[in-house]
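Chain letters run A, B, ... following the sequence lines, proteins first and then strands; every chain starts at 1.
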Amino acid sequence: MLIHHPLLGPRDASEFVYKGDAALIHRPDWQSEDAQAQFADYGYLRDNPAGPLRELWFHEQGDRSWLVVTRDTTSHEITSVELASDVARREARAT
Amino acid sequence: MHDLRAITPLGRSEPVVEVHGTVTMTEVTDVALASVAARRGREPETLAALERVLGDAPPAPGCLGGKTLTAFWMGPDLWMIEAPNDTHEDLAAQLAALSSGAMSVTEQTDAWCRFDLTGERLADVFERLCAANIRAFQGGEAVRTTIHHLGCYILCRTPAHMSVIGARSSAGSLHHALRTALVSAL
Amino acid sequence: MTGVNRLDGGLIDRTKPMRFTFDGIGFTGFEGDTLASALLANDVRLMGRSFKYHRPRGPMTSGSEEPNALVALRSGARKEPNTRATTAELFAGLSATSQNRWPSLRWDAMAVNDRLSQFFAAGFYYKTFMWPAAFWEKVYEPIIRRAAGLGTLSHEPDPDSYDKGFLHCDLLVIGTGPSGLMAALTAARAGADVIIADEDFLPGGRLSAETHMIEGQSGAAWAAASVAELQALPNVRVMTRSTVIGAFDHGIYGVVERVSDHLKEPFAGKPRQILWRVYSKRAILAAGATERPIVFENNDRPGIMLASAVRAYVNRWAVTPARQVAIFTNNDDGHRTARDLAAKGVDVTAVIDTRLDAPTSADYQVIAGGVVVQTWGRLGLTQIEVRTPKGESLRIPCGALGVSGGWNPNVHLTCHQGARPVWNDTIAAFVPGNSLPPGLIPTGAADGAFSTYEALSSGQKAAHVALSDLGIPHKVSDLPEAEDAPVNITPFWHVASAKRAWVDQQNDVTAKDVQLAHQENFVSVEHLKRYTTLGMATDQGKTSNTAGLAIMADIAGKSIPEVGTTMFRPPYTPTAIGVLAGRARDEDFRPIRKTPSHVWAEEQGAVFVEVGMWLRAQWFPKPGETHWRQSVDREVLQTRKSVGICDVTTLGKIDVQGTDAAAFLNKVYCNGFAQLPVGRTRYGLMLREDAIAMDDGTAARLAEDHFVVTTTTANAVPVYRHMEFVRQCLFPDMDVQLISTTEAWAQFAVAGPKSRALLQQIIDPPFDISNDAFPFMACAEITVTGGLRARLFRISFSGELAFEIAVPTRYGDALMRRMMDVGAGFDVVAYGTEALSVMRIEKGHAAGNELNGTTTALNLGMGRMVSKKKDAIGSTLSEREGLTEGDALKLVGLKPVDPDHNVPAGAHLMTKGATVSAANDQGYVTSACFSPNLGCHIGLAYLKSGDSRMGEIIRLVSPLTGVDHDVEVVSAHFVDPKGERLRA
Amino acid sequence: MRYSGFNVIKQALSGHKGWGPAWRDVTPKESYDYVIIGGGGHGLATAYYLAKQFKQSRIAVLEKGWIGGGNVGRNTTIIRSNYLLDGNQPFYEFSLQLWEGLEQELNYNAMVSQRGILNLIHSDAQRDAFIRRGNAMILHGADAELLSTRQILRRYPFLNVNNARFPIQGGLAQHRGGTVRHDAVAWGYARAADQCGVDIIQNCEVTGFRIENGTCLGVETTQGFIGTKKVAACVAGSSSRLMALAGMRLPIESHVLQAFVSEGLKPVLPGVITFGAGHFYCSQSDKGGLVFGGDIDGYNSYAQRGNLPVVEDVCEGGMAIFPMLGRARLLRMWGGIMDMSMDGSPIIDKTHIDGLYFNGGWCYGGFKATPASGYVYAHLLATDTPHHTAAAYRFDRFAKGRMIDEKGVGNQPNLH
């Protein structure tokens, strides 16, 4: 596979390490009422869709950026790639 | 002045130089390295400081640049500065002094080994080593990728002069891989 | 002229004769021959035996789709089993042997299977060999296994090497036939970066095998001229002997180039083959088409081959498989073979055409509406029986029969990403379907365009599409003149009456087997394949799948597409495993990482051990020491008595800087770091979000905004990755920067009561390392040996008064030598990883065996370290009930009751008196060693409620290694439990 | 007709006219007592044991394609019970015992071949871990033996011991492990279940669940609504897709695992061998093909195909221990969709919806589990209590911190 790095252009996926669903960016609040339940869901439950999935890839053999890659799990087609830090900041502000 | 004698990444007292066909491969040990990362919110100061050091704007992603000193892009707001070791053995300290806490500087000189390949048909060699599109390089490119399971920076100073920078501890394996490709491709 | 069957002409070099042997018999062929063409030229048709019935077989094809003519090429360590004689390029001195026969190819004892064939119907083995149960492994299976399989491996290491490479292009053209060449010329002339690859050693595809004219010259000449033009262009790479094995995601293709297979052996330092990973923006599939046979009684005798193969042997290799040849066809293309044979003076004894309206000929007899119903010739075809439409039967003599059932487009690569081909009635074949691999454009015969003109025009069109996609300007140029014959075919798949009629020749699947599969409800194509093994042989059903489907459709009363479609998976043709592995084998399997003191350690005769990629000194044998324990015990005792030095550079080091550095470490470590003063170091335990211990290490605060974090050797990479995740994804607004400095500093542990005295000889004054000035857990940036920058940490893994000192890596070797020199006066000793491990076990420090991915802070006895006052990764989930139970495993020490007993790691623990069973399992030993200080074996273990069982005698069992004795539960801190030494 | 050597000969002499269909093609009834979703090995085994062992009836198996077309037909055919943890070991040992009597039980030769499985050891830490594992196996009543390098070389003389980057220091063997003809498992269970009256319905895809006030009343399918008392989901890689129709999120990710087979070769590998310092395991099929595999590709995928890097990684592992493999040829590569769970262990449990049961999260270990999975799932369906060997496979083990993590890599499915 090829991942179009937002800064470096197309790079072979073998340079990256995969983590999983980009929902992992949204870590629950440790002080909330049901924190333990929230962390259990956060840690263990996944949508695992057959179709577009936002997922985290780490450019370990590249620039060490974490990326949010939107990839179709049935066709492997990649439709968008962003720096995870940009996504995290944007979505942290949004919530 | 201290009296400890340095050894090269390949474990010798002198750098190793080899000629294979049209290409000369040289172990480079006389370059000091330091990484510079911009502190959050202080990117402009960092850019300015680096511009003073390099005599040019810090290189863009995927690039190698600089005039008075050279540098290459390592990551977002992160660069590696190259300088002659004899004049800049404590390069990190020199750079840190340039800006009051605007940037995080880390000494990198001995974290790496470097092999320079000079001569013709370098693309024929590198296409057996890594996925980077070396044939399209014109000079000024700096990519990080893997060579035989080793993470390396590949710097194109000119199409006839490439530097491969890899982890110092595996200098032997990297040198072996480069030599094998030279023999195989040329 | 060598070879009784050699004709005039052809694309071989008659000035270069080559000697070769087959089953020990010498023959001569020419450069440009394949093994098959050279053998046929010498009137050898019998080249192999079939998989199941051991039927005599000769080549059916002239290419990589060959199911029958498989031989063992070369000998000794270079022996290549199952090599297709039809693609093996002849070289001087080639030696090949036949396979799957005993004692000889002509007289094969296993051919008795053929006589018993009715007992070996499809799937018979699922129905028997069940009684008695024990007989399967002992009797039935060994017999079946010996009978099965084809060639044999050499059992010797492959002496050749393989390269991998990476290529980039705008357009990859797959195939050098008319459409491929036209596409490449069009794109290359427009300036695109083009790679054109073909599996054959001679470019041209079918043009090399036909008598077609293109622009007044022979097709072969046109191909040669086109290739010459392409090779002259700087933006084109022409790759012959290069098979595109697979179409992978995002325009990446795997291409295997056979660099040296046409040589006796590779040149020194050169690879046998290269696996190219080709990154293409667009690709054009011009892989052509493959002719398919008709299924009739005994249609597998040597000499019965595809009509197109006969034509290829005649035209390209100037060989006729026999002096008398007949043709059996259901389409016009079969007649082309008859014409080419006749033109070369070969006796065409008949053309049997299943169509009543078959074209006639003045040169040979045409039996319109006829079918072949039987053949004769045990080791080679001698004659055939034909039934005419009037029902009369004729015997026709022939040494070869060319069969043409129509052509299948080579759609394989279009299927590699899940697309299924679709049926096309006009050519009665599957053509590329929808949802093809993105960027892949099928063209020419591969797309069902069978005439030469169609191939040229579709190739040009495909190139235009690709160029437009890439935004490369181009102009339409005229196409060369070429034949444009229509496809006239009336589908005819099998002779209805035929039973022992082969569908899959290599796997011996007959029409009867397909019938039986249907009868037992294995109707879908997937079930048909798996039950009968149709299409599972080394040719992957290239010549058999369609006929199998057609026969099943016929029996089931369905249409072919209703029964299913053919499906192809990579690789396109079988690929040497060696080339997929490349250089990564033997010592080069993975890189080697060496420590700064490696050269010195080698000089000391150290024994090295693999620790991940690292090679570390395990111990340093001294003269007279015959057992490793002697060396290790000495290193331990001497270190605890005076001073020892160990290279600990392999520990991961991460530079953490920024105004939020301390706040960041508060997140990644379960214990607190905000209050750590500058100039001090603290132990840190890092948890995964699921509360399991991920790693431990120390963080030294060099400045308010600067820490140096250490990780274990094994976890340096995952910990750095995790910290970047926390930084970039979880707390992106923190001002913190991370970078690994593991290799920048050579770091040595200097441990033992005399460590301070030794270091005082190294460290530049006035820096004071007295206990007051530089207490336990202090750290500082200093200089040594007269001005060399260094870092000093007062930390101890051994439990002794100890320091770790770091200098720039290039000076590590010299520092080690210097410390050993000045240390001589202090009875210094170098110690390796074994002594390191012994001392940390004696001290009860956890390491990899304790941090095994299932242990919590509580298990480690560090439950209280998990701060409740702050948010840290893993702290919330650490409170789950399953992780906080009363009888949770706790880290304890173990001592044998009988001091002569050992405490083996991996042993399990039972309460004394309880029966030995999983139900009574109380825990297990994680690490163990002989402690020279205690004079007995000791171990660390996880024990249920271990912290409250000190002094208890429990039973240690290791049934696997035959150990069963009592041990005492003690504190894990065997040595200096109060920690007075390390604070001294 | 009963399968036997006698009947094979009898049929051979009469043109094989007497063999009937291995299972009937049926159209679904309006309702069943049990509807099992998924005509793979686990689903068919569940149906068989429900009918045979637990004397239940009115059972249907719904398969969206052709039976046996999923992972049971695209795996590397290995069976073993060399597990470490209490939650797993008894279950896989139970499965191995069921394998041992399977052919006689089903009257179908699935070629269960106990040729032994060997895990190679390359470091002291690995040895410690394997000794602990071997002891756990023996304590649970399974077989295990620690082999020296010399013992290993006697059986595998061509292993690369001395010239290797990571020298082989021994191995942990389970002699009762081995291989099975994978397709035959699905066909054997299908035929046996069919003979017990189970309806096997192919080309019948479940498109939804009919759930009313917390109770599942049946399933909507491409062949219409089918009512039932109990619905048993058993669809491996498609688990998340299916259960989403019931509004459930699972502790599961779907990943692609590639498998490989070489050209047919005369016998060279007597047993199953696993490389401990790389990603490679290999056995040889009765037809002579070397069947091998390695790690999953590592990214979520529902495409039954992988990519080159893992192919190369696996072949590197192969060459590292068998340098003679260089001249053997890879014939075919394919991919299966693995239901990778959050701790690497399966889930066999009721859901919070009455009448809806779940079996999944098998990672790449599903094939060897087939008989026990079917048996314990049938037990749960018939008795509403978990079988004692599968009591730990609960949904709530994650929230409660009772993970069953053999590899110790945590909630990172692509590492299990």
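Using non-hydrogen atoms only and a strict 4.5 Å limit, the part of residues 3-23 of chain B facing chain C consists of B:Asp3, B:Leu4, B:Arg5, B:Ala6, B:Ile7, B:Gly11.
For residues 97-108 of chain B, the pairs satisfying side chain to side chain donor-acceptor pair (under 3.5 Å) are B:Arg39-B:Ser104, B:Ser104-C:Gln737, B:Thr106-C:Asp655, B:Thr106-C:Gln657, B:Glu107-C:Arg789, B:Gln108-B:Trp112, with sequence neighbours left out.
The distance from the CZ atom of C:Phe166 to the CG atom of B:Asn133 is 12.5 Å, given to the nearest 0.5 Å. From B:Arg168, atom CZ reaches atom CD of C:Glu743 across 9.0 Å, with rounding to the nearest 0.5 Å. With rounding to the nearest 0.5 Å, the separation of CZ in B:Arg128 from CH2 in C:Trp276 is 4.5 Å. Note: B:Met80 CE to C:Ile739 CD1 = 6.0 Å, rounded to the nearest 0.5 Å.
Evaluation of the side chain to side chain contact (heavy atoms under 4.5 Å, CB included) rule for C:Ala617 yields C:Ala601, C:Ala606, C:Phe608, C:Phe620 as partners, not counting sequence neighbours. Partners of B:Asp56 under the salt bridge (Lys or Arg N to Asp or Glu O under 4.0 Å) rule, at least two apart in sequence or in another chain, are B:Lys67.
The part of B:Ala38 that comes within reach of chain C is its backbone (N, CA, C, O), which places non-hydrogen atoms under 4.5 angstrom from that chain. With a threshold of 4.5 angstrom between heavy atoms, B:Ile134 does not approach chain C through any atom at all. Looking at C:Pro596, the atoms closer than 4.5 Å to chain B (heavy atoms on both sides) all sit in the backbone: N, CA, C or O. Neither the backbone nor the side chain of C:Thr742 comes within less than 4.5 Å of any heavy atom of chain B. Residue C:Ile274 touches chain B through its side chain alone, counting heavy-atom pairs closer than 4.5 Å. For C:Leu815, the parts lying near chain B are the backbone and the side chain together; criterion is any non-hydrogen pair under 4.5 Å. For B:Ile147, no part lies near chain C; criterion is any non-hydrogen pair under 4.5 Å. Only the side chain of C:Tyr279 comes within contact range of chain B, with heavy atoms under 4.5 Å apart. Only the side chain of B:Arg135 comes within contact range of chain C, with at least one heavy atom under 4.5 Å from a heavy atom of that chain.
Here B:Ser169 is the residue among B:Cys130, B:Ser169, B:Ser173, B:Ala131 with the most heavy-atom pairs under 4.5 Å with chain C. Most heavy-atom pairs under 4.5 Å with chain C, from the set B:Asp77, B:Leu33, B:Val183, B:Asp110: that is B:Asp110. Taking C:Asp705, C:Thr595, C:Thr650 one by one and counting their heavy-atom pairs under 4.5 Å with chain B, the maximum is reached by C:Asp705. Most heavy-atom pairs under 4.5 Å with chain B: of the set C:Val599, C:Asp193, C:Leu788, C:Val807, this distinction falls to C:Leu788. Between chain C and the options B:Ala167, B:Ala171, B:Ala136, B:Ala93, the largest number of non-hydrogen pairs under 4.5 Å is found for B:Ala167. Chosen from C:Ala584, C:Gly269, C:Ser161, the residue pairing most often with chain B at heavy-atom distances under 4.5 Å is C:Gly269. Taking chain B as the reference chain and counting heavy-atom pairs below 4.5 Å, the highest number among C:His706, C:Met734, C:Lys164, C:Arg818 is found for C:Arg818.
At distances below 3.5 Å, at least one donor-acceptor pair connects side-chain atoms of C:Arg810 with backbone N or O atoms of B:Thr29. Using a distance-only test at 3.5 Å, with no hydrogens or angles considered, no donor-acceptor pair links the side chain of C:Thr785 to the main chain of B:His2. Looking at C:Lys270, its side chain does come within 3.5 Å of a backbone N or O of B:Ser184 through a donor-acceptor pair.
Around atom CD of C:Glu603, more than 12 heavy atoms belonging to other residues, nucleotides or ligands sit under 6.0 Å away. Taking a 6.0 Å sphere around CD of C:Glu587, one finds it holds more than 12 heavy atoms contributed by other residues, nucleotides or ligands.
Checking C:Asp735, C:Asp733, C:Thr659 one by one against B:Arg40, the side-chain hydrogen bond (donor to acceptor under 3.5 Å, both in side chains) holds for a single residue, C:Asp733.
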